[in-house]
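Okay, structure first, notes after.
Proteins come first, then strands; the chains are lettered A, B, ... in the order of their sequence lines, and each starts at number 1. These figures come from a predicted structure and were not determined experimentally.
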Amino acid sequence: MRWSKYYIPTLRDDQSEAELISHQLLLRGGYIRKLASGVYFYLPLMQRVIDKFSNIVRDEMNKAGALEVTMSVLCPAEVWEKSGRYQTYGPLMMHLKDRHQHDMLLCPTHEESATSLIAGEVRSYRQLPLNLYQIQVKFRDEIRPRFGLMRGREFIMKDAYTFDADEESFARSYQGMVDAYYAIFKRAGLDVLKVESDTGNMGGKRAHEFMLLVDTNAGEEKIAACESCGYAANVEKSKFKDGSGVKPDSEIKEMESIDTPGAATIEEVTAFLKVDATRLVKTLLFVADGKPVAALVRGDRDLNEIKLKRALGAVELEMADADIVNQVTGAPVGFAGPVGLRQEIPLLVDPLAVAVKNCVVGANENEKHILNVNIDRDFKATQVVDLSEARAGDLCPECGEVMVVKDGIEVGNTFMLGTKYSEALGAKFLDAEGNENPCIMGSYGIGITRTPQAALERFHDEKGIIWPKNIAPFLVEIVPLKMEDPAQAEAAEKIYQDLTSAGIDVLIDDRDERPGVKFNDADLIGLPIRLTIGAKSLKNGKVEVKTRASSDMNLVALEDVVEAVQGLAETLN
RNA sequence: CGGGGUGUGGCGCAGUACGGUAGCGCGCAUGCUUUGGGAGCAUGAUGUCGGAGGUUCAAAUCCUCUCACCCCGACCA
């Protein structure tokens, strides 16, 4: 491709709309433009990146036995009403009406569509297993789109759905997708970590996320990982053993009320009473699907709302506001406790809070706390369940070694859906004994537009992008320094033809621009290999070969360029 | 939805406390010179100052309402 005939509107200045480096680079490099909040144009370079990545995904999915289909982004509301998600998915879903006033929606994901396709069509276990996938646009009317392609309202996703006759078969299907995912990300030059995750509103039993670890502020997920045995999980799901090493009191003491003027927060109470936060149990009030609940965790731990939501089976969960706290406890925020709440509400208690003997809790009275409170004697838990977020220093639930917490960007996910959708939408088949069973399903996503941007959080330097070779829009950029020099133009053209004939994707910067402009643009757009053609080296029949990632440069004879490029590409990520 | 912020040529910004009819850099166009890391000179084009009302002799600037976008939070791949 010739730059002069292409469209690469690079920008010199940082764009005020972009916070993340990856977002900034896509804008400045002429890869994307914004149409509306969370809605983007993919310019020619980005389209090529999307195509490259999609083709890797397609290739590996096909190898894994998945079959490509296309399901409409439109879907009638009643299909989603059957699964119950029409109600639970909420405003995140884009609703619309057609001209007949039928309720329609733009699919935020395609479990319902895929299942309804199968329902009524697949009748025998002989037709299973089945794995259907598509690479399609999705719409989610995000509360707050941000970070460019990382969280858009429209985005492209590869989504696959498996249908199996039994658990054993499903396990093979699931593993097949996990293996395909590793292969896909490896080919794209990305190291990913598979972690256990919450199933969210997808339903089902278990799920995994594929995370690209980053050390920039783009990390949207926290992962607890054991470097010793390999256990890894999203902190919203992670099991752990407490790493604080606190020992419970052996002697049980009498409850005692105490004035704590001005001490409402954990910090204030610990300072006032001169006790460690591990001696406190905090009572957090939430409203779950409209009803107040109390969640108790040890003073030094953070509650993870996803864990609480899961424990409650709630669709909606939010922190109670001051009015509700007052109404439930009879005291301002900061003095809630499990003993003598004004209203009967469920008490969910974290096991680490249960383990604290003679703990300090709020007294449900302004500026008062209670000392030496003990569960069972002084209050009863409705449910004892893990609510604490895993943190660095906690111990691995598998092997007991110390865990670390890392930042990651989710680039793929896999869900064990069970029979939720197949039952709701009637995707049933007759087994060998003639019994009717619902298909066992899985669903598997990869963010096609998000992943390349996420990759840029890792692969860049102060000058611009450094693409992994297999998702770069072109492998090579040819930079003739002076197009007016016929010798340079001719040499550049010859190399361009040679490389193109060899099946290599080449971009030639044939613009009449100064060398500095070309070099800076080349560094910005980040193609893996740069060939510089200038008077000095051309005199000796040579061109300069350099990778974007390194400052090393080699002189190569004109006739050896194809081979040199191929050899160099082998060595690149 | 709550909190904070920004809207001025294509891009980045100044001008707004104190109203007087719009400016800088980059980019763009043309010409000449230049050509190994974002060139120089000359000439030129491009703005109903986000929108609507209002105050005033006069509004980018003051007032009211509105819209869009960004950041923090809730939500989420």
Original post:
What is the nucleic acid contact for A:R511, judged by heavy atoms within less than 4.0 Å: base, sugar-phosphate only, or nothing?
Top reply: nothing
**OP:** Give the nucleotide from the list B:G25, B:C75, B:C26 with an atom nearest to the side chain of A:D13.
**Re:** B:G25
**OP:** May I ask you to say what A:N413 touches in the nucleic acid, namely base, sugar-phosphate or nothing, with a heavy-atom cut-off under 4.0 Å?
**Re:** sugar-phosphate
**OP:** Verify, without hydrogens or angle tests, whether A:Q134 (side chain) and A:M71 (backbone) share a donor-acceptor contact under 3.5 angstrom.
**Re:** yes
**OP:** Determine the contact category for A:G148: base if any of its heavy atoms lies under 4.0 Å from a base atom, sugar-phosphate if only primed atoms, P, OP1 or OP2 are that close, otherwise nothing.
**Re:** nothing
Original post:
Roughly how far apart, to the nearest Å, are B:C13 and B:G31 at atom P?
Top reply: 33 Å
Original post:
What integer number of Å spans the P atoms of B:G9 and B:G51?
Top reply: 10 Å
**OP:** Inspect the contact between A:D350 and A:R301 and indicate whether a charged nitrogen and a carboxylate oxygen are less than 4.0 angstrom apart.
**Re:** no
**OP:** Please state whether the base of B:G37 and the side chain of A:D523 form at least one donor-acceptor pair under 3.5 Å?
**Re:** yes
Original post:
If you check every side-chain atom of A:R514, which of B:A74, B:U35, B:G37 has the closest atom?
Top reply: B:U35
Original post:
Under 4.0 Å between a side-chain N/O of A:S16 and OP1 or OP2 of B:G12, yes or no?
Top reply: yes
Subject >> Rounded distance (Å) that lies between atom P of B:G38 and atom CH2 of A:W3 >> reply: 16 Å
Original post:
What nucleic acid atoms does A:K536 come within less than 4.0 Å of, heavy atoms only: base, sugar-phosphate, or nothing?
Top reply: base
Original post:
Which whole number of Å gives the distance between the C1' atom of B:A58 and that of B:C18?
Top reply: 16 Å
Original post:
Side chain of A:K463: nearest nucleotide among B:G73, B:U34, B:G37?
Top reply: B:G37
**OP:** Ignoring the backbone of A:F519, work out which of B:U34, B:C69, B:G36 is nearest its side chain.
**Re:** B:G36
**OP:** Between B:G12, B:C71, B:C69, spot the one nearest the side chain of A:Q15, thanks.
**Re:** B:G12
Original post:
Hey, does A:E305 reach any base, or is it just sugar-phosphate, or nothing, if we go heavy atoms under 4.0 Å?
Top reply: sugar-phosphate
Subject >> Point-to-point distance, once rounded to the nearest 0.5 Å, from CZ of A:F147 to CG of A:L149 >> reply: 13.0 Å
Original post:
Base, sugar-phosphate, or nothing for A:E544, non-hydrogen atoms under 4.0 angstrom?
Top reply: base
**OP:** Taking atom P in both B:C24 and B:C1, compute the distance separating them and give it to the nearest angstrom.
**Re:** 41 Å
Subject >> Selected nucleotide, minimal atom distance to A:R530 side chain, candidates B:C75, B:G37, B:C70 >> reply: B:G37
**OP:** Looking at every strand, decide which applies to A:D521 at a 4.0 Å heavy-atom threshold: base, sugar-phosphate, or nothing.
**Re:** base
Original post:
If you measure from the C1' atom in B:C63 to the same atom in B:U16, how many Å do you get, rounded?
Top reply: 14 Å
**OP:** Measure from the side chain of A:V517, starting at C-beta and using heavy atoms only, and say which of B:G38, B:G12, B:A74 lies closest.
**Re:** B:G38
Original post:
With a 3.5 Å cut-off and no angle check, do the side chains of A:Y42 and A:R48 form a donor-acceptor pair?
Top reply: no
**OP:** Just label B:A17 as syn or anti from its O4'-C1'-N9-C4 or O4'-C1'-N1-C2 angle, using within 90° of 0 for syn.
**Re:** syn
**OP:** Determine the Euclidean distance between corresponding C1' atoms of B:G7 and B:A60; express it in Å to zero decimal places.
**Re:** 11 Å
**OP:** Could you check which of B:U35, B:C75, B:G36 has an atom nearest any side-chain atom of A:E142?
**Re:** B:C75
Subject >> d(CG, A:D321; C1', B:A74) in whole Å >> reply: 13 Å
**OP:** Choose from B:G36, B:C71, B:G38 the nucleotide whose nearest atom is closest to any side-chain atom of A:N520.
**Re:** B:G38
Original post:
Checking all strands, does A:T10 fall into the base, sugar-phosphate, or nothing category for heavy-atom contacts under 4.0 angstrom?
Top reply: nothing
Original post:
Just checking A:M150: base, sugar-phosphate only, or nothing, at a heavy-atom cut-off of under 4.0 Å?
Top reply: base
Original post:
Given the P atoms of B:C62 and B:G20, what is the spacing between them in whole Å?
Top reply: 11 Å
Original post:
Does A:E17 make a side-chain donor-acceptor contact with the base of B:G7, cut-off 3.5 Å?
Top reply: no
Subject >> Sugar-phosphate, base or nothing in reach of A:G534, heavy atoms under 4.0 Å >> reply: base
Subject >> Between B:C71 and B:G15 - P atom distance, rounded Å >> reply: 24 Å
